[in-house]
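Written below as structure tokens is the structure these notes are about.
Remember, predicted model here, so these are calculated numbers, not experimental data. Computed from heavy atoms alone, side chains included, the values below leave out hydrogens, waters and symmetry copies.
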Amino acid sequence: MVKPKIEKQDSVKLYKLRKMLEELGDHSGRGTELISLYVPPKKALHEVINNLREEQGTADNIKSDLTRTHVVDALSRVIQRLKLYKSSPDKGLVMFCGALPPAGGGPIGSEVVKLFEIEPPKELQTFLYRCDDHFHVDILKDMLKDDNMIGFLALDAKDAGWGLLRGDKLDVLSETSSGVAGKHRQGGQSARRFERLREMELNEYYNRVAHTTREYFIDIYPVKGLIVSGPGPTKENFLRESYLEYRLQNNILATLDCSYAGSEGVREAFAKAQDVLTDYRMVEEKKLVDKLFNDINFSRGLATYGLNEIIDLLKRNVVSIILITDDTNLRKLDITCRRCQHVQSEIIDRVKVISRTQELLSQPCPSCKSMDMESNDKDIVDYLDLVAGQTGAKVEVITGSTEYGAMLSSIGKVGAFLRYNPNQ
């Protein structure tokens, strides 16, 4: 048996990158003035800088004065930033730069040139420069797709099912019936003749299963490993006779005894394969959420839920781990008085941030009545991660679209493990 080499990644870091790419993808320029630059690690930075200087010369021919100014300014910002590097980082470098309107919109000419610098999650392979009316984020989004795929084959003499574990989702791909007669004699047939016919049917069935398995797990979804399961000795006979393509035969992670084959067998095999898939993210999330609900149900005071309570306990250094779904869509809004430094804080839905900010900025400071106020808002995961870093706690982002993400959503999308029971 082999063990898949699965690279563990920081769930908070990936969450922040996904959110940033979503926001960048929503931006659009007044014209073709938004720059996207992908620099692979082996690309010489002086060559990139020379290319951008040539682009600056070309930009002087743009007819629109405003667009020309924005493009030249953006290229200058990128060039100055690149000069700070001696060489490209190990995985490469991605920069997005352009003139963007202020939050809430604004008139033409109110745009501000902003630079976004990103370290890609995987090594870049190609160099790309684009000046367009939008940022080209698709390459980075593709890198976020989990390529750690594990195949499942659940079979017995009657049924077979195929499943795929990819990232945060377990999919049942298909299932089929064998058409093989059960182990009982048909009327008018000798035992030897019946057994011979049954063996022929089983052989045809095994060949069909092997062919479909190769199509799914080599041609369509190149998996890192295969888990074979099912009741009885059928799966062992199938493997012993080497029906599987040799690349799959050599990549089997485990053979599991389960009560079912087919689609139900795939789900049962996943539940029983946690020891094999210890590094797999979906298994990690399942264990974390299961433990959270177990601690809550046993009322030992070592787990809790409710965002406001968790933030309070986090500041008191009681929290050890926070679980939060990736679809929470909350932001922490702070309105600070520049005169007396009084802070008004609220946690609100993302879509209400702009209107609520304008409302609070139009009101005097409740402490000194000054109208000199400034606003700042932060994604709730960023805020929790910041406070957690100050207290030695950890934040785990759980995929909201999974079964266990839905369980966490049922208690408000946020839960936490505590270092001790604060009520004792």
Side-chain angles (χ1 to χ4, degrees), residues 8-16 19 168 271 274-275 278-337 340-350 352-353 356 360 366-367 376-424:
K8 299 182 72 172
Q9 300 197 31
D10 189 325
S11 63
V12 174
K13 187 175 180 179
L14 290 179
Y15 170 84
K16 291 179 179 180
K19 286 293 183 182
D168 53 23
Q274 294 185 28
D275 291 339
T278 51
D279 292 336
Y280 212 85
R281 180 59 193 172
M282 187 175 178
V283 175
E284 289 183 35
E285 292 184 4
K286 178 181 183 298
K287 288 181 178 180
L288 286 168
V289 175
D290 279 343
K291 185 176 186 304
L292 178 72
F293 275 78
N294 183 63
D295 287 355
I296 290 173
N297 292 334
F298 275 97
S299 301
R300 292 176 293 189
L302 295 179
T304 188
Y305 57 94
L307 183 57
N308 291 328
E309 180 181 352
I310 288 173
I311 291 175
D312 178 61
L313 293 173
L314 181 63
K315 291 178 178 179
R316 291 161 52 191
N317 202 16
V318 179
V319 173
S320 60
I321 301 175
I322 298 173
L323 308 185
I324 183 168
T325 62
D326 61 2
D327 57 358
T328 307
N329 285 326
L330 295 176
R331 296 188 75 85
K332 183 176 183 294
L333 173 63
D334 292 326
I335 304 296
T336 305
C337 174
C340 69
Q341 303 304 310
H342 176 79
V343 180
Q344 302 174 72
S345 297
E346 293 185 8
I347 295 176
I348 56 177
D349 289 332
R350 182 185 298 270
K352 299 179 181 179
V353 169
R356 184 57 178 159
L360 291 174
S367 177
N376 180 52
D377 66 278
K378 187 183 296 290
D379 186 276
I380 192 62
V381 174
D382 291 339
Y383 172 69
L384 292 174
D385 188 49
L386 177 64
V387 181
Q390 297 170 351
T391 61
K394 185 179 180 182
V395 178
E396 291 284 355
V397 180
I398 306 298
T399 308
S401 59
T402 63
E403 175 186 353
Y404 296 95
M407 288 175 60
L408 187 57
S409 295
S410 69
I411 57 173
K413 300 187 176 183
V414 186
F417 297 103
L418 307 182
R419 292 189 169 99
Y420 58 88
N421 188 339
N423 297 319
Q424 288 183 348

Pairwise side-chain contact, Leu384 with Ile380, heavy-atom cut-off 4.5 Å (strictly under): yes
Sorted by chain and residue number, the side-chain hydrogen bond (donor to acceptor under 3.5 Å, both in side chains) partners of Ser345 (sequence neighbours excluded) come out as Lys332, Asp334
Taking all non-hydrogen atoms of both residues into account, name the closest pair between Ala303 and Asp295 and its distance. CB-CB, 3.5 Å
Quick one: does Lys378's side chain get under 4.5 Å of Tyr383's, heavy atoms only? yes
If you count the non-hydrogen atoms of other residues, nucleotides and ligands that lie under 6.0 Å from NZ in Lys287, is the total more than 12? yes
Rounded distance [0.5 Å steps], CD1 in Ile311 versus CZ in Arg316: 13.5 Å
Which pair of heavy atoms, one from Asp385 and one from Lys16, lies closest together, and at what distance? OD2-NZ, 3.1 Å
Take Gln341 and Thr336 through the test side-chain contact (heavy atoms from CB on, under 4.5 Å) and record every step on the way to the result. CA-CA 6 Å; Gln341 303 304 310; Thr336 305; 4.0 Å; yes
Can you tell me if Asp326 uses its side chain to pair, donor with acceptor, with the backbone of Thr399 under 3.5 Å? no
Could you tell me the separation between the CD atom of Glu284 and the CD1 atom of Ile398, rounded to the nearest 0.5 Å? 9.0 Å
Closest heavy-atom contact between Leu418 and Pro422? CD1-CD, 3.8 Å
Please check if the side chain of Asn297 supplies one atom and the backbone of Phe293 the other of a donor-acceptor pair under 3.5 Å. yes
Do Ile310 and Ile324 pass the side-chain contact (heavy atoms from CB on, under 4.5 Å) test, and can you show the C-alpha distance, the side-chain angles, and the key distance before you say yes or no? CA-CA 11 Å; Ile310 288 173; Ile324 183 168; over 6 Å; no
Closest contact, heavy atoms only, Leu314 versus Ala393: CD1-CB, 3.8 Å
Test Leu323 against Phe417 for side-chain contact (heavy atoms from CB on, under 4.5 Å), laying out the working first. CA-CA 8 Å; Leu323 308 185; Phe417 297 103; 4.0 Å; yes
Distance from Lys413 atom NZ to Thr325 atom OG1, nearest 0.5 Å? 5.0 Å
Measure the spacing between CG of Leu313 and CG of Asn308 and express it to the nearest 0.5 Å. 11.0 Å
Minimum heavy-atom separation for Leu408 to Gly415, with atom names? CD1-N, 4.0 Å
In this structure, OG1 of Thr304 is separated from CG of Asn423 (nearest 0.5 Å) by 9.0 Å
Residue pair Leu360, Leu333: steps toward the side-chain contact (heavy atoms from CB on, under 4.5 Å) verdict: CA-CA 10 Å; Leu360 291 174; Leu333 173 63; 4.0 Å; yes
Please examine the side chains of Arg350 and Asp379, heavy atoms only from C-beta on, and report whether any two atoms are closer than 4.5 Å. yes
Compare every heavy atom of Tyr420 with every heavy atom of Val318, then report the nearest pair and how far apart it is. CG2-OH, 3.4 Å
Is there a donor-acceptor pair closer than 3.5 Å between any side-chain N or O of Ser11 and the backbone N or O of Val397? yes
Look only at the side chain of Arg419 and the backbone of Val319, and say whether a donor-acceptor pair between them is shorter than 3.5 Å. yes
Under the rule for side-chain hydrogen bond (donor to acceptor under 3.5 Å, both in side chains), what residues qualify as partners of Lys19, not counting sequence neighbours? Asn329
Leu292 CG to Leu302 CG distance, which is reported to the nearest 0.5 Å: 11.5 Å
